[in-house]
There are 2 protein chains.
Amino acid sequence: MKRPAAARRDAATSAPEAGQQVSDDTLREFIGYHIKRAFNVVQADLNQALKPLGLRMVTYSALVLIVDNPGLRQSQLAEALDVERANLVVIIDELEGRDLITRDRVPTDRRAYALNPTLAGRRLYDRALEAVRGHERRILNGMTEETKLAVIGAMSLIRQSSGGGSKGG
Amino acid sequence: MKRPAAARRDAATSAPEAGQQVSDDTLREFIGYHIKRAFNVVQADLNQALKPLGLRMVTYSALVLIVDNPGLRQSQLAEALDVERANLVVIIDELEGRDLITRDRVPTDRRAYALNPTLAGRRLYDRALEAVRGHERRILNGMTEETKLAVIGAMSLIRQSSGGGSKGG
DNA sequence: TATTGTTATACTCTATAACTATA
DNA sequence: TATAGTTATAGAGTATAACAATA
């Protein structure tokens, strides 16, 4: 109920002193605010880094998981990426259309497709990982290994607070 | 160029052993991946917390900044929230339509509007902050103060790597 | 009956260009 | 000329329902 000391200007219908800068002291109390702002930077820079390869964040993540888990099914990939099966279809269409992966019928369950990378897919995987490593070097800007581990631990802690799937946002 | 030891299954067009679970070891090398997953959880839970108040993440942030910086202009708010002026219009419309804020003409610059909270706006601000504090308690799940500060420092470091505006993602 | 992949649809968020009224 | 707010529009991202084929 108490209000932030620093932020507040004066009371009702105050004048908009133009040159003055906006205080976000109240929002900065919250860790979620900092995460959101940082994530915006990460996302923007990552997409820039992936653009020359014709990839976006989702298509990149999907390609990596398919190369690392060849033969997995669309439903498994959808769950791993935390996207709806329906929305994954166009992502897979895109990767398949560029001959980066193949959709292979599963003999033992003819409803399902096994996703496998092509040679081109594996090559793009290597280039994408190099690009993303460069991107991380850029945005981390000399962050210590200790801090990195602390962040990863903290993010995992937050992730655990949710039951599992995190949609609905 | 080297490949993750843990992740890889066998080679070309392998079988999709159904029960097996998907490895994201390669992606977990990257801090951005952890931030994204955590942010998804934060966003989903925050929106749940704000729903009873009729607020979303943006409208909440906008309301907080308007209460803390009464009299600021839309363009200032747009910059502070890192959204386009054009997209802020509907957000402001929404808050104004609910009589949480007012758009007041600036006498010294008749192009601009000064944004001011109403009494109802200030009251909802208080309730929203309470709700968000509860949300943070929930998702942080006993994170130590030390870790929190480390995370905030790390997120600020990432934010600094960008020139300022972080759009284009 | 349930599940896999699919289509269609809708709703949010975001980016861009162009307009108006003022400066 | 430039700026503040606005409108319109298009592209992502995402959620839901319903369908065909298969289990």
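Per chain, numbering begins at 1; letters A, B, ... match sequence-line order.
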May I ask you to decide whether B/D25 forms a salt bridge with B/R28, counting only side-chain N to carboxylate O separations under 4.0 Å? yes

Here's a test of your reading of the structure: between A/R56 and A/R105, which maps to the more 5' nucleotide of DNA chain D? A/R56

Please report the C-alpha distance between B/R103 and B/N116 in whole Å, then the side-chain angles of each, then the deciding distance to 0.1 Å, and finally whether the side-chain contact (heavy atoms from CB on, under 4.5 Å) criterion is met. CA-CA 7 Å; B/R103 267 193 257 234; B/N116 285 291; over 6 Å; no

On DNA chain C, compare the nucleotides closest to A/I92 and A/K36; which residue's is nearer the 5' end? A/I92

On DNA chain C, more 5' by nearest nucleotide between A/R111 and A/Q74 is A/R111

Roughly, in whole Å, what's the span from CD in A/Q48 to P in C/dA15? 12 Å

Between D/dG13, C/dT16, D/dG5, which one does the side chain of B/R73 approach most closely? D/dG5

So what does A/D109 touch, heavy atoms closer than 4.0 Å: a base, only the sugar-phosphate, or nothing? sugar-phosphate

Could you give the CG-to-P distance, from B/N40 to C/dT12, as a whole number of Å? 19 Å

Between C/dT3 (P) and A/E84 (CD): distance, integer Å: 15 Å

Could you give the CE-to-P distance, from A/M57 to C/dC13, as a whole number of Å? 17 Å

What integer distance in Å separates B/E94:CD from C/dC11:P? 15 Å

Just the rounded figure in Å: distance from P of C/dT4 to CG of A/D93. 18 Å

Within this structure, what is the CG-to-C1' distance between B/N87 and D/dG5, rounded to whole angstrom? 13 Å

Donor-acceptor contact present, side-chain B/T118 to main-chain B/L100, <3.5 Å: yes

Please classify the nucleic acid contact of A/A112 as base, sugar-phosphate, or nothing, using heavy-atom distances under 4.0 Å. sugar-phosphate

Please check this pair: side chain of B/E79 against backbone of B/Q76, looking for a donor-acceptor N/O pair closer than 3.5 Å. no

Rounded to whole Å, the CD-C1' distance (A/Q76 to C/dT3) equals 13 Å

Measuring to OP1 and OP2 of C/dT3, would you say a side-chain N or O of A/S75 lies under 4.0 angstrom away? no

What contact category does B/R103 fall into here, base, sugar-phosphate, or nothing, at under 4.0 angstrom with non-hydrogen atoms? sugar-phosphate

Could you walk me through whether B/Y33 and B/R37 satisfy the side-chain hydrogen bond (donor to acceptor under 3.5 Å, both in side chains) test, starting with their C-alpha distance in whole Å, then the side-chain angles of each, then the deciding distance to 0.1 Å, before giving a yes or no? CA-CA 6 Å; B/Y33 179 67; B/R37 300 302 290 243; 3.1 Å; yes

Answer yes or no: does a side-chain N or O of B/R85 lie under 4.0 Å from OP1 or OP2 of C/dT14? no

